[in-house]
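For reference, the structure discussed in these notes is given below.
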Amino acid sequence: MPVGKVGGRPDRQQESQTPFLRRASLYLGVAFELPGTILGGLLVGYLLDNYFGTSPWLLITITLLAFAGAFVRLAQWFKYFARERDGSRVKKDDTPH
């Protein structure tokens with residue numbers, strides 16, 4: 001079913017808001033994904049350090065890996081937004097991978 005349809009009937013107000021809401025949801029996704037990755041790395045590293053008694057080595061290692069993963073993901077988002085701005089976005093699959 002197309003995005004602009006609710007219950008099988010077109011909703012004109014939703015059709016006009018869809019691009020704004022779509023962009024807002026993408027930006028919110030980025031805003032929560034990047035710090036969430038880093039905080040998740042901190043939490044996992046802390047818990048594993050407590051479990052294995054290796055403080056602070058696993059915390060540091062896993063947090064650095066989380067930072068690297070967050071920056072890789074940020075680069076993917078930059079590429080996605082650059083393609084979208086240029087208008088060269090692929091229509092059938094417009095989510096970043």
Side-chain angles (χ1 to χ4, degrees):
M1 181 177 352
V3 175
K5 295 195 177 220
V6 176
R9 296 189 318 236
D11 183 1
R12 293 183 197 274
Q13 184 179 8
Q14 185 178 0
E15 285 178 3
S16 66
Q17 291 179 351
T18 299
F20 170 75
L21 293 176
R22 183 179 174 277
R23 303 248 340 143
S25 67
L26 286 173
Y27 292 138
L28 281 172
V30 173
F32 284 106
E33 182 177 353
L34 298 177
T37 302
I38 296 166
L39 290 174
L42 280 167
L43 180 65
V44 169
Y46 175 77
L47 293 174
L48 287 175
D49 267 340
N50 281 341
Y51 183 76
F52 291 116
T54 57
S55 185
W57 300 111
L58 288 176
L59 174 69
I60 293 170
T61 304
I62 294 175
T63 302
L64 289 175
L65 288 173
F67 265 104
F71 281 114
V72 166
R73 190 68 176 135
L74 184 62
Q76 291 173 346
W77 278 111
F78 279 140
K79 285 184 197 176
Y80 172 76
F81 286 125
R83 276 184 291 162
E84 189 174 80
R85 175 171 270 188
D86 293 341
S88 62
R89 184 182 72 207
V90 176
K91 290 286 184 187
K92 66 178 183 176
D93 186 19
D94 61 353
T95 58
H97 297 277

Test side chain to side chain contact (heavy atoms under 4.5 Å, CB included) on Tyr46 and Asn50; report intermediate values, then the result. CA-CA 6 Å; Tyr46 175 77; Asn50 281 341; 3.1 Å; yes
Single-linkage hydrophobic cluster [X]~[Y], side-chain heavy atoms < 4.5 angstrom:
X: Phe71; Y: Phe81; value: yes
X: Val30; Y: Phe78; value: yes
X: Leu28; Y: Leu21; value: no
X: Phe32; Y: Leu34; value: no
X: Phe52; Y: Ile62; value: yes

What verdict does the side chain to side chain contact (heavy atoms under 4.5 Å, CB included) test give for Leu26 and Tyr80, after you've listed the backbone C-alpha separation in whole Å, the side-chain angles of each residue and the deciding distance to 0.1 Å? CA-CA 11 Å; Leu26 286 173; Tyr80 172 76; 3.8 Å; yes
Working to the nearest 0.5 Å, report the span between [atom1] of [X] and [atom2] of [Y].
X: Leu48; Y: Thr54; atom1: CG; atom2: OG1; value: 7.5 Å
X: Leu47; Y: Leu43; atom1: CG; atom2: CG; value: 4.5 Å
X: Leu42; Y: Leu59; atom1: CG; atom2: CG; value: 6.0 Å
X: Tyr27; Y: Arg22; atom1: OH; atom2: CZ; value: 10.0 Å

What pair of heavy atoms forms the shortest contact from Ala66 to Gly41, and how long is it?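 Shortest heavy-atom contact: CB-CA, 3.8 Å.
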Between Thr63 and Ile60, is there a donor-acceptor pair closer than 3.5 Å when you use the side chain of the first and the backbone of the second?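 No: the side chain of Thr63 does not pair with the backbone of Ile60.
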Whether over 12 other heavy atoms sit under 6.0 Å from Phe67 CZ: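 No, not enclosed.
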